[in-house]
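Here the structure is laid out as structure tokens; the discussion comes afterwards.
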Protein chains: 2
Amino acid sequence: MKDMTIAEYIERLFPQFEPALKTILIENATLRDFQGGDMLMQTGQNMRSTVLVVEGMVKLYREGEDGQEFFMYYLQPGNACALSMICATKQETSQVMAKAIEQTKVLMIPIALMDKLMRDYRTWYYFVIETYRMRFEELLFVIDNIAFKAMDERLAFYLKKQAGDLNTKELHLTHSEIASDLNTSREVISRLLKKMEQAGEIKMYRNYIEYLA
Amino acid sequence: MKDMTIAEYIERLFPQFEPALKTILIENATLRDFQGGDMLMQTGQNMRSTVLVVEGMVKLYREGEDGQEFFMYYLQPGNACALSMICATKQETSQVMAKAIEQTKVLMIPIALMDKLMRDYRTWYYFVIETYRMRFEELLFVIDNIAFKAMDERLAFYLKKQAGDLNTKELHLTHSEIASDLNTSREVISRLLKKMEQAGEIKMYRNYIEYLA
DNA sequence: TAATGAGTGTGACAAAAGTCACCAACATTG
DNA sequence: CAATGTTGGTGACTTTTGTCACACTCATTA
């Protein structure tokens with residue numbers, strides 16, 4: 001999956017796009033590289049492009065006053081940043097933070113192109129609509145969790161989602177990171193994790209957690 | 001504002017739409033009436049139309065397991081239901097509840113029309129995009145509040161928003177209703193309201209609260 | 001007018017979550 | 001190897017929130 005061309009990424013991740021759309025994207029998109037930890041978007045920043053992730057993983061989060069990184073969702077290869085589409089169109093500023101959590105490559109589509117793409121290419125239009133829908137749904141899940149669930153349930157849901165999204169049972173997360181993602185304190189996470197371990201749901205190791213089914 | 005025709009509502013609330021778009025909406029939209037308390041949308045329900053509010057007020061909320069109505073935002077005349085646009089397009093089911101909180105009229109646009117409108121009418125396209133953006137932002141505010149703020153701040157924010165949205169300082173809300181909207185208990189709300197009254201931020205009366213700037 | 005129900009006030013207590021202090025294990029690096 | 005920083009464990013305590021029980025005031029209506 002290393003060092004593919006823009007054309008190869010598009011062919012692989014967006015096979016449903018009609019040929020003319022692929023061509024116009026290939027001609028106008030630029031490929032950009034990020035290292036783990038690099039910021040793609042920051043609150044208040046102006047957006048000049050629509051972002052399509054083609055490699056790696058991007059964490060979308062809401063920043064708290066003391067630097068907490070309240071986790072919303074991940075963007076994976078084939079996903080677009082819904083906010084970059086919305087804000088780009090109206091030249092609004094971003095309301096969230098986006099950070100690469102590993103080596104990541106994205107396609108940047110100039111905002112000037114959005115109107116034309118939406119009007120002329122139905123597969124693009126459907127892709128945008130579907131992107132909105134999925135992200136809206138994710139936000140609703142987030143709201144459900146913080147509004148209705150206690151911390152132990154939220155933690156269980158969080159770990160399950162991490163295991164699913166990152167596609168591994170070995171979750172390389174420190175207790176502090178989890179606490180930041182859920183906006184609570186490390187001690188609370190440590191205690192709840194111990195309970196989960198006693199209940200046989202996870203096994204704890206230094207620097208990572210094994211998620212048991 | 002009573003008993004206007006579809007054409008009059010469109011002219012008044014959506015003056016930015018181009019004439020041809022207005023015509024096609026007038027020909028295809030149907031007007032529907034709701035009484036206060038009527039449901040417009042329920043979780044799991046299939047969506048067959050895009051909804052534009054032209055009169056009254058619609059409350060969007062997430063339903064809790066015990067019937068709580070966790071408040072998200074209001075739709076006012078001129079607003080569209082973002083979810084009815086998204087879900088309509090893909091024939092997905094609704095994830096939220098929408099309830100008229102007073103006499104309300106809405107325009108129903110058949111979903112079959114959405115593709116054409118998006119492609120052919122730029123003012124419609126911008127309207128849809130702007131609708132998404134605003135609702136996305138509202139959800140982010142909701143998340144900020146429950147994720148980062150304690151109940152007293154959330155209550156203060158809630159009252160401020162109600163006063164603003166409903167455009168009145170006389171908030172006709174019972175403590176129970178507020179508790180349901182914020183997913184907490186009545187006693188907590190009563191106690192916090194008392195504190196706010198002592199701090200001179202509100203005045204409490206039976207069945208309503210006066211919001212002091 | 002007695003009865004009823006909705007709305008609200010309040011004290012006592014329980015549970016959940018947050019804070020503080022400190023310790024121990026381990027890894028890295030000078 | 002000593003020093004340092006990160007990670008995690010834990011007890012004690014506080015604060016916030018939720019729960020329970022009950023009382024009081026109104027408004028409505030049988």
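For clarity, every value in this text was computed on a predicted model and none was experimentally measured. Here is how names work: the chains are called A, B, and so on, in the same order as the sequence lines, proteins then strands, and each is numbered from 1. Values below: every heavy atom of this structure, side chains too, minus hydrogens, waters and symmetry copies.
- Among Met41(A), Gln42(A), Met57(A), Glu69(A), the one residue that satisfies the side chain to side chain contact (heavy atoms under 4.5 Å, CB included) test with Lys99(A) is Glu69(A).
- For Arg186(A), counting side-chain heavy atoms from C-beta on, the closest listed nucleotide (dA21(C), dA17(C), dT17(D)) is dA21(C).
- Each of dG18(D), dA17(C), dG9(C) was ranked by its minimum atom distance to the side chain of Ser185(B); first place goes to dG18(D).
- For His172(B) and dA6(C), the NE2 to P distance is 20 Å, given to the nearest whole Å.
- Heavy atoms of Thr174(A) sit under 4.0 angstrom from primed sugar atoms or phosphate atoms, though from no base atom.
- Of the candidate nucleotides dG9(C), dG7(C), dA12(D), dA12(D) has the atom nearest to the side chain of Arg191(A).
- Checking the phosphate oxygens (OP1, OP2) of dA6(C), no side-chain nitrogen or oxygen of His175(B) falls inside 4.0 Å.
- Distances from the side chain of Arg206(A) to the nucleotides dA17(C), dT7(D), dT10(D) place dT7(D) closest.
- Rounded to an integer number of Å, the gap from OH of Tyr205(A) to P of dA27(C) is 16 Å.
- The side chain of Glu187(B) lies closest to dT10(C) when the candidates are dT10(C), dG9(C), dA21(C).
- Using cut-offs of 30° and 60° for the angle between ring planes, the Phe127(A) and Trp124(A) rings count as tilted.
- For the pair Thr184(A) and Asn207(A), nearest-nucleotide mapping onto DNA chain C gives the more 5' position to Thr184(A).
- OP1 or OP2 of dT10(D) lies within a sub-4.0 Å distance of a side-chain N or O belonging to Lys194(A).
- By the 4.0 Å N-to-carboxylate-O rule, Arg191(A) lies too far from Glu187(A) to be salt-bridged with it.
- Between Tyr208(A) and His172(A), the angle of the ring planes stays under 30°, which puts this pair in the parallel group of the 30/60° scheme.
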